[in-house]
Amino acid sequence: MLGGFATLAGVSLIILAGGTSTALLELNDLGEAGRVGVWILVWCGVLFAIGGVALSLTGRALARRRPAGRMWALALAVPNLLVVPFGTALSIYAFWVLLNDEARREFGRPPRSTHPTPSQETA
C-alpha cells in the first residue's frame with residue numbers, strides 16, 4: 001500500500017514538473033532557477049516512483065514468503081531509519097520482526113540459536 005502511494009506521489013511530481021516547465025516557458029521566464037526547480041521535481045519524482053515500485057515488489061515477495069523479499073525489506077528499512085519519527089519506528093519494527101528465528105524459519109532460513117541442539121551436545 002505504501003509502495004502504491006509512493007509511486008503515485010512520484011508520478012504526480014513528474015507531472016507537476018512538466019506543468020511547471022510549460023508554465024515557465026509560456027511566461028518566458030525559464031531562467032536558471034526555473035530549470036533547477038523543474039529538475040529537482042523530476043529527480044524527486046523518479047526517486048519516489050522507483051522507491052514505490054521497490055516497496056510494492058518487496059511487499060508482494062514478503063506476502064509470498066520469498067527469502068528475497070525478506071532481504072529486500074531489511075535493505076529498504078535501512079535508509080528508512082532516517083525518516084523520523086515514523087520511518088525510524090517502522091524500520092526498527094521491521095528489523096525486530098524479520099530478524100527473529102521464527103521469521104527466519106518462515107522464509108526458509110535456519111534459525112540462529114545460541115543453545116546447542118541435542119545432536120550437538122552428544123558430538
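Contact record, Ala61 with Gly69: CB-CA, 3.5 Å, taken as the closest heavy-atom pair. The shortest heavy-atom contact between Gly3 and Leu55 is CA-CB, 3.7 Å. Minimum heavy-atom separation, Ala17 to Val42: CB-CG2, 3.5 Å. Here the closest heavy-atom approach between residue Gly45 and residue Leu13 is recorded as CA-CB, 3.7 Å. Taking every heavy atom of both residues into account, Ala94 and Leu74 meet most closely at O-CD2, 4.2 Å. Across all non-hydrogen atoms, the minimal contact from Leu81 to Val84 is O-CG2, 4.4 Å.
With rounding to the nearest 0.5 Å, the separation of OG in Ser12 from CZ in Phe5 is 11.5 Å. Between the CZ atom of Phe107 and the CZ atom of Arg64 there is a distance of 13.0 Å, given to the nearest 0.5 Å. The distance from the CG atom of Asn100 to the CZ atom of Arg105 is 8.0 Å, given to the nearest 0.5 Å. Of the inter-residue distances, the one linking Trp96 atom CH2 with Ser91 atom OG reads 15.0 Å to the nearest 0.5 angstrom.
A continuous path of hydrophobic side-chain contacts links Ile50 to Trp43 [ILVMFWY only; heavy atoms under 4.5 Å]. Residue Leu47 is not grouped with residue Leu16 when hydrophobic side chains (ILVMFWY) are merged at heavy-atom distances under 4.5 angstrom, including chains of intermediate members. Val78 and Val83 end up in different hydrophobic clusters when Ile, Leu, Val, Met, Phe, Trp and Tyr side chains are linked at under 4.5 Å. By the rule that hydrophobic residues join a cluster once side-chain heavy atoms approach within less than 4.5 Å of another member, Ile15 and Leu41 end up as members of separate clusters. In the hydrophobic clustering of ILVMFWY residues, with side-chain heavy atoms under 4.5 Å counting as a link, Leu90 and Leu62 come out apart.
You'll find the side chain of Phe48 stays beyond 4.5 Å of the side chain of Thr7, heavy atoms only. Between Ile14 and Val46 there is a side-chain heavy-atom pair separated by less than 4.5 Å.
Remark: Arg65 engages Glu106 in a side-chain hydrogen bond (donor to acceptor under 3.5 Å, both in side chains) (not counting sequence neighbours). Residues forming a side-chain contact (heavy atoms from CB on, under 4.5 Å) with Val36 (at least two apart in sequence, or on another chain): Glu32, Ile40.
Within a 6.0 Å radius of CZ in Arg60, no more than 12 heavy atoms belonging to other residues, nucleotides or ligands are found. With a 6.0 Å radius and a threshold of 12 heavy atoms from other residues, nucleotides or ligands, Arg104 has its CZ atom above the threshold.
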